[in-house]
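Here is the structure we will look at.
Note that ligands are numbered from 1 as they come in the structure, with each ligand's atoms numbered from 1 the same way.
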Amino acid sequence: MPQSTNSFDTIVIGSGMSGGWAAKEFCEKGLKTLLLERGRNVEHNKDYPTTNMMPWEFKHRGDIPYEIKKDNPVVSRCYAFREDAMHFFVKDTEHPYVQDKPFDWVRGYQVGGKSILWARQTQRWSNYDFEGPKRDGFAVDWPIRYDDIAPWYSHVEKFVGISGNKDGVDTLPDGEFLPAWGLSCIEDHFKKAVESSYKDRYVVYARCAHLSEPQPIHIEQGRGQCQSRNLCQRGCPFGGYFNSNSSTIPWAAKTGNLTLRPFSVVHSIIYDEAKGKATGVRVIDTNTKESIDFFAPVIFVNAGSVNTNLILLNSTSGRFPNGLGNDNGLLGKYFAFHNYRAHVNATYEGLSDVNSTGGRPTSAYIPRFRNVKKQETEFLRGYAAAFYGGRWGGGPDTSGHGEELKANLMSKEPRKLGAWNVGVQFMGETIPKETNFVSLDKEKKDEWGIPLIKFNVEYDDNDEKMIRDFFEQYTEMFTKAGYTNIQTSDDKRAPGLDIHEMGGVRMGHDPKTSLLNKWNQMHNVPNVFVSDGACMTSTSTQNPSLTYMAITARAADHAITLFKNGELK
Ligand SMILES: Cc1cc2nc3c(=O)[nH]c(=O)nc-3n(C[C@H](O)[C@H](O)[C@H](O)COP(=O)(O)OP(=O)(O)OC[C@H]3O[C@@H](n4cnc5c(N)ncnc54)[C@H](O)[C@@H]3O)c2cc1C
């Protein structure tokens with residue numbers, strides 16, 4: 001096609017959590033935007049086939065049939081890969097990748113990406129996170145600090161809708177919150193036990209992207225109040241949680257400036273050596289297998305961390321034979337993730353006269369307390385944790401069959417509730433290292449001739465030491481809370497199942513040691529921006545998507561200024 005019909009002001013690659021934000025910001029400010037998505041379209045409500053189904057309407061009552069599990073061992077390990085939402089996950093068999101070292105790569109290839117499936121946990125980073133690499137001497141210094149991103153956190157939070165409390169904890173900055181659902185009685189008990197025993201450890205209500213009390217900006221998006229159904233991964237008919245499909249993408253479309261093109265796998269970014277800049281994007285239409293070029297002076301790469309690395313590594317030219325902007329050879333390196341391997345569980349015999357009932361889209365959260373103000377352990381950085389508690393048993397006796405079952409069900413004597421079961425899930429920061437990297441396989445290609453991505457990522461001794469400390473500290477905290485039968489466990493999962501892949505195209509001050517500047521522009525190709533997880537210099541402990549969205553909105557704002565000033569033509 002002639003260039004004029006394929007030209008836009010900006011191209012955004014990937015329509016998930018971060019790409020949706022880039023598209024919204026550009027379209028609102030009047031830029032003609034092409035949003036490219038490799039998967040199918042998923043329209044809010046229209047394409048949520050299971051959203052109103054009852055448990056008995058599922059052929060396997062929600063479970064994944066054995067044959068599917070057997071053929072898809074990686075995605076089957078994800079807790080949310082269930083019969084009600086499996087159509088939003090990439091099956092291992094559909095899009096293979098190469099694991100030189102085991103890596104569980106969980107993906108959602110459709111308009112909305114993984115934003116349909118996420119667990120909606122949205123904690124801000126603090127300056128302890130942005131200053132971490134410099135203070136503790138790993139990776140490279142972040143070129144931004146909390147103050148640079150704080151207004152963008154607010155910008156995103158107001159539009160997305162975040163339920164939370166203002167806790168006044170300096171490791172977990174407060175934001176623009178809708179009312180919180182509140183802590184359950186057992187969470188409140190743990191909070192009191194921890195906060196009375198330690199001066200620097202807190203148990204708070206985990207902030208989450210749910211509309212507890214929709215504001216006019218949410219109503220304008222066509223979204224309504226969260227009903228605490230806890231069926232979010234199916235897509236929510238109320239728009240009660242944030243996903244790109246119910247929020248940023250329709251908002252961008254309403255401006256008339258958006259062209260959304262599903263079924264469009266980006267093969268590479270086109271670099272024009274004469275002009276010394278990227279001029280467009282090469283796409284393969286997955287229906288027709290046709291190769292089509294699109295052009296724009298501003299290109300945002302938001303394909304999800306791993307695919308963003310893949311696209312850049314595959315964008316070779318005479319000027320950049322090893323991948324776009326990759327003069328220092330660091331593209332794909334310093335790849336990192338979160339470590340969710342460890343758990344501590346226990347029982348509590350107290351609070352025997354109360355129980356927690358009803359749904360709620362979040363839990364309690366314990367921000368990082370290790371190595372915050374100073375280095376105090378033999379490992380670097382630290383871990384946050386999610387706390388959960390519930391009582392099992394009670395209700396009618398459903399044991400037995402036939403006459404016996406009938407008799408048990410009719411029994412006037414309800415079964416007693418058991419003791420409380422409590423537990424914490426470890427959320428460890430990992431240290432980005434040059435030896436943890438993704439690269440392109442030299443031989444294996446996908447059905448469109450694009451090289452497969454190859455993982456060389458593993459845990460290290462720092463992670464092992466951190467897990468041991470988590471076990472010790474939470475055993476102590478549970479003991480102080482009066483919990484018994486304390487059990488520690490390490491499920492030894494491969495990296496990746498945390499679904500928080502980060503790095504490979506990190507931000508930094510120096511083009512010799514990083515790929516992106518403080519505005520997420522490639523040092524060597526400034527009209528290409530990377531603002532998904534690939535840009536992350538370090539990983540912190542917090543769930544990262546809120547930060548991806550805020551960094552994207554900030555980078556888009558900068559790109560718009562440059563574009564309007566004529567600096568990106
Ligand atoms: C079960 C689950 C629970 C999670 N819970 C949380 C949580 O509680 N909190 C949190 O912060 N995060 C959570 N996450 C992670 C969160 O979903 C991701 O961090 C977030 O979606 C990343 O946004 P993104 O824009 O980088 O990528 P995505 O949302 O994955 O979007 C990338 C898009 O790019 C498209 N794409 C890829 N390659 C190409 C190509 N070559 N050409 C065109 N398009 C392409 C993909 O199809 C996809 O639509 C969870 C994820 C899952 C699956």
Side-chain angles (χ1 to χ4, degrees), residues 11-23 34-42 75 77-82 85 88-90 95 104-125 160 206-210 232-233 241-245 248-249 260-269 281-286 300-312 314-315 337-338 340 361-363 365 386 427 446 448 450 453 496-502 530-536 540 542-549 551-552:
I11 295 174
V12 178
I13 305 172
S15 67
M17 192 96 69
S18 62
W21 263 93
L34 174 64
L35 181 57
L36 292 169
E37 168 54 51
R38 66 179 300 154
R40 67 190 168 102
N41 198 4
V42 171
V75 67
R77 286 194 276 273
C78 174
Y79 73 90
F81 184 70
R82 306 256 308 143
F88 290 136
F89 284 89
V90 168
H95 297 287
D104 286 349
W105 187 21
V106 176
R107 294 159 285 171
Y109 288 171
Q110 61 250 327
V111 168
K114 297 194 293 289
S115 78
I116 302 176
L117 294 165
W118 70 318
R120 295 99 41 213
Q121 298 297 301
T122 40
Q123 329 303 332
R124 284 189 181 199
W125 283 35
V160 163
R207 291 106 191 230
C208 59
H210 285 260
C232 316
Q233 66 281 358
Y241 79 96
F242 170 85
N243 64 18
S244 310
N245 315 63
T248 45
I249 295 175
L260 171 64
R261 195 177 204 283
F263 300 112
S264 306
V265 181
V266 170
H267 170 278
S268 53
I269 293 169
V281 162
R282 181 146 303 149
V283 160
I284 298 164
D285 185 305
T286 60
F300 262 60
V301 197
N302 296 90
S305 310
V306 179
N307 277 311
T308 286
N309 275 278
L310 193 165
I311 291 167
L312 295 174
N314 200 38
S315 301
F337 56 99
H338 279 158
Y340 277 25
T362 190
S363 64
Y365 182 84
M427 302 179 185
D446 67 12
W448 303 285
I450 301 171
I453 197 84
L497 208 50
D498 50 285
I499 325 179
H500 295 166
E501 311 92 6
M502 286 177 248
V530 175
S531 66
D532 60 12
C535 78
M536 304 295 274
S540 170
Q542 279 89 315
N543 319 67
S545 306
L546 179 71
T547 303
Y548 303 165
M549 292 192 270
I551 280 186
T552 299

*To which protein heavy atom is atom 6 (C) of ligand 1 closest, and what is the distance rounded to 0.1 Å?*
A119 N, 3.5 Å

*Identify the closest protein heavy atom to atom 53 (C) of ligand 1: which residue and atom is it, and at what distance?*
I499 CD1, 3.5 Å

*Considering only protein heavy atoms, which is closest to atom 48 (C) of ligand 1, and at what distance to one decimal place?*
E37 OE1, 3.5 Å

*Carefully, step by step, assess L34 and R261 under the rule side chain to side chain contact (heavy atoms under 4.5 Å, CB included).*
CA-CA 7 Å; L34 174 64; R261 195 177 204 283; 4.1 Å; yes

_Side-chain (N245) to main-chain (V42) donor-acceptor, under 3.5 angstrom_ = yes

_Tell me if a side-chain donor or acceptor on Y340 pairs with a main-chain N or O of G496 at a distance below 3.5 Å._
no

*Any F81 heavy atom less than 4.0 Å to ligand 1*: no

*Provide, to 0.1 Å, the distance between atom 13 (C) of ligand 1 and the closest protein heavy atom, together with that atom's residue and name.*
H500 NE2, 3.6 Å

*N/O donor-acceptor pair under 3.5 Å between T308 side chain and A303 backbone*: yes

*Any nitrogen or oxygen of Q110, main chain or side chain, under 3.5 Å from a nitrogen or oxygen of ligand 1?*
yes

*Is any N or O atom of V266, backbone or side chain, closer than 3.5 Å to an N or O atom of ligand 1?*
yes

*Any nitrogen or oxygen of Y109, main chain or side chain, under 3.5 Å from a nitrogen or oxygen of ligand 1?*
no

_Give me the atom names and distance for the closest heavy-atom approach of S315 to I269._
OG-N, 2.8 Å

*Starting from atom 23 (O) of ligand 1, locate the nearest protein heavy atom and write down its residue, its atom name and how far away it is, to 0.1 Å.*
M17 CB, 3.2 Å

*For atom 9 (N) of ligand 1, what's the nearest protein heavy atom and its distance?*
Q121 O, 3.0 Å

_Side-chain (W21) to main-chain (S18) donor-acceptor, under 3.5 angstrom_ = no

*Candidates S15, S244, S545 - the one meeting side-chain contact (heavy atoms from CB on, under 4.5 Å) with S115*: S244

*Is a side-chain N or O of Q110 found less than 3.5 angstrom from the main chain of F88, in a donor-acceptor match?*
yes

_Nitrogen or oxygen of A80 less than 3.5 angstrom from that of ligand 1_ = no

*Taking atom 39 (C) of ligand 1 as the reference point, the nearest protein heavy atom with its distance*: R38 CD, 3.6 Å

_Shortest protein contact, atom 12 (N) of ligand 1 (heavy atom only)_ = S545 OG, 2.8 Å

